[in-house]
Amino acid sequence: MLGVPFDNVTTAETICLIEEMIRSGRPHYLATANVDFLVQASRDVELRRILLDAHLVLCDGTPLVWASKILGNPLPERVAGSDLIPILLQVAAERGFRPFFLGATPEVAARAVKLVSEHYPGIQIAGHYSPPFNKLIEMDHEAITQRIREAKPDMLFVGFGCPKQEKWIAMHYQSLGVPVSVGVGATIDFLAGHVRRAPRWMQKSGTEWIFRLLQEPGRLLKRYSTDLRYFSVAIVKQWWKLRYRQQSSEAPRTVEVQETKSWKLLSPSTRLDAQTVQQTSRIWEEALLRHQFCFIDLSRVEFIDSTGIGLLVKVQKQARKHHRHLVLINASETVIRSLELMKLRDFFLHAPDLSTAQHLMEPANQMKPVILGNSPHAVLPALFWQGECVAANAHEFWELTRSQIMARSEMGADLAIDLTNLKFIDSSGLSVMLRARKFAQAQGIQLVFAAPGELVLNVLKLAQLEEYLVKK
């Protein structure tokens, strides 16, 4: 929906999935997305990527349930974070899971913990912490993460508000090792009784937003009116583009499969829609089962709907999760237009034909994160940052960049970092940029960043770091 993939689950199914995550001991993060999330994600590349990579995206808004029905793949129900957390706390008390609360003011957080302990006898609260309010990039991340690691919780509830809480979680969830991390917005305030929730009938009827608006009209009126206007127009546009011409659906719904020892090629027929996905579900489930590389030939696809787009995103998420590779081959104009409508084209690697796709996957052609070279955008000797600089590899970018800064300082030479080939950066990557800039200054040399692409520039602008970091 508007480029955000939702998991088709009920509240009961969500609880079961979260219990499985906790028992696995591996780190996961969840997002409870409402209309405002979707509107922000349409303008915020980093938030959109976070939602695309999330282990579970829940529908936290009745208007989203209504919209999903219009788009032809209805979500079963609203799974609101403010409803989910109390249920999880009850489960925690029964199963011995240990939650940690991060966010809100110290007074509100302490009261929330006190009331939770009283309401759920036997619950083991791992801890709570309210860091001083600051911009995400300027927070004392080391102090915060150290507290959480020492507490060793099973669940981490982060109440910084969207998108700050989602970006913070994406930066740290892997290194923290907490089985389940989730942004909870104002839920800590709800638990403390600091903010009242709407009556149950308003929650069920989809009018809870009116109650919230009456509580905080000065803060919410402009946001709600902007969100409603953008969301309504965008949903109608998506329906028109991806559903309106769904008639004459007697075309064959097949997927041809070709495979070797190292790769699998899937070639869907003319329609990649809900019916096709349903009829060929087993083929897609096994797309990455035994192969390092999966190629999808989309040259014949004349129609794709929201479910078809969701399928491509699902396969890509599985590939990234298991460190495998997906390439879309010769995507038809219809597919390209649909991906661009959802702002998802850059989420996939594209190739014009199978030969090129195979060539891209050869080890010699895999991008190294940092290389030396001469840049047309800077007169200084240049480093090239390439690929993606994100939480998973930010340390590698830092170490390679730091070594080059030290080498330049010994020669008394300044340094430029060319961002032309950097496809994406997140807040962890921004931290590396700031750290490198400060380290270079401490070494007595000048460091400049040059030629960021559109996606990287979006992240820099939203963090208000463009003028500070990027050479004009």
Side-chain angles (χ1 to χ4, degrees), residues 11-12 14-32 56 58 60 78-133 139-141 143-162 164-166 168-169 172-173 176-200 203 208 211-212 215:
T11 300
T14 300
I15 297 298
C16 290
L17 289 170
I18 290 174
E19 287 192 62
E20 289 177 13
M21 292 176 183
I22 294 174
R23 283 192 290 268
S24 77
R26 297 188 299 273
H28 306 78
Y29 74 90
L30 286 57
T32 56
L56 201 59
L58 305 173
D60 188 355
R78 178 191 181 198
V79 185
S82 46
D83 294 328
L84 180 66
I85 301 307
I87 299 173
L88 285 176
L89 292 172
Q90 181 62 51
V91 172
E94 296 170 356
R95 304 282 196 273
F97 300 148
R98 303 172 69 248
F100 189 107
F101 296 91
L102 179 64
T105 65
E107 297 77 19
V108 168
R111 178 166 175 75
V113 168
K114 178 177 181 295
L115 293 178
V116 166
S117 299
E118 293 173 355
H119 192 74
Y120 304 95
I123 192 169
Q124 303 174 45
I125 305 294
H128 67 91
Y129 180 53
S130 302
F133 181 79
M139 295 174 71
D140 189 347
H141 295 279
I144 298 171
T145 55
Q146 183 177 345
R147 285 175 180 261
I148 297 169
R149 290 192 194 98
E150 290 174 352
K152 298 180 180 178
D154 300 300
M155 297 182 289
L156 174 62
F157 302 139
V158 184
F160 293 156
C162 177
K164 183 178 178 180
Q165 63 194 17
E166 280 69 35
W168 190 92
I169 291 171
H172 300 295
Y173 85 97
L176 288 173
V178 179
V180 174
S181 297
V182 56
V184 298
T187 300
I188 298 176
D189 294 271
F190 290 141
L191 293 173
H194 184 68
V195 176
R196 290 191 302 127
R197 284 204 69 188
R200 195 67 183 170
Q203 297 175 35
E208 185 173 10
F211 186 86
R212 292 292 310 279
Q215 285 184 307

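Keep in mind the model is a prediction, meaning the values are calculated, not measured.
Classified by interplanar angle (parallel below 30°, tilted 30° to 60°, perpendicular above 60°), the ring pair W168/H141 is parallel.
Taking both residues in full, the closest heavy atoms of I169 and G183 are given as CD1-N, 3.4 Å, listed atom of the first, atom of the second, then distance. Closest approach of A112 to L191, counting heavy atoms only: CB-CB, 4.1 Å. Scanning both residues, T187 and V184, for their nearest heavy atoms gives OG1-O, 2.8 Å.
Using a 4.5 Å heavy-atom cutoff, the side chains of V182 and L88 are not in contact. Within the 4.5 Å cutoff, no side-chain heavy atoms of V91 are placed close to those of I18. Between P99 and L89 there is a side-chain heavy-atom pair separated by less than 4.5 Å. Between Y29 and L156, the closest side-chain pair of non-hydrogen atoms is not below 4.5 Å.
Every residue was checked against the side-chain hydrogen bond (donor to acceptor under 3.5 Å, both in side chains) condition with E20, not counting sequence neighbours, and none meets it. Residues meeting the side-chain hydrogen bond (donor to acceptor under 3.5 Å, both in side chains) test with R149, sequence neighbours left out: T145. For R95, the side-chain hydrogen bond (donor to acceptor under 3.5 Å, both in side chains) partners are E19, not counting sequence neighbours. By the side-chain hydrogen bond (donor to acceptor under 3.5 Å, both in side chains) test, T11 is found to be paired with E77, residues two or more places apart in sequence or in another chain being considered.
The closest donor-acceptor contact from the side chain of H28 to the backbone of P179 lies under 3.5 Å. Between the side chain of D154 and the backbone N or O of I22, no donor-acceptor pair lies under 3.5 Å.
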Between I85 and F190, is the side-chain contact (heavy atoms from CB on, under 4.5 Å) condition met? List the steps. CA-CA 10 Å; I85 301 307; F190 290 141; over 6 Å; no

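The distance from the CG atom of D60 to the SG atom of C162 is 11.0 Å, given to the nearest 0.5 Å. The line from CD1 of I148 to CG of L102 is 5.0 Å long, rounded to the nearest 0.5 Å. Residue T32 holds its OG1 atom at 7.0 Å from CD of Q165, rounded to the nearest 0.5 Å. The distance from the NZ atom of K164 to the CE atom of M139 is 4.5 Å, given to the nearest 0.5 Å. Separating the CD1 atom in I87 from the CD1 atom in I15 is a distance of 5.0 Å, to the nearest 0.5 Å.
Atom CZ of R98 sits in a crowded spot, with more than 12 heavy atoms from other residues, nucleotides or ligands closer than 6.0 Å.
The ring-ring contact (aromatic ring centres under 6.0 Å, His included) contacts involving residues 79-117 comprise F101-F157, where partners must be two or more places apart or lie in separate chains.
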Please output the side-chain donor-acceptor pairs of residues 116-131 that fall under 3.5 Å, not counting sequence neighbours, one pair per line with the distance.
residue, atom, partner, partner atom, Å
S117, OG, V113, O, 2.9
E118, OE2, K114, NZ, 2.8
Y120, OH, P86, O, 3.4
S130, OG, G103, O, 3.2
S130, OG, A104, O, 3.1
S130, OG, T105, O, 3.3

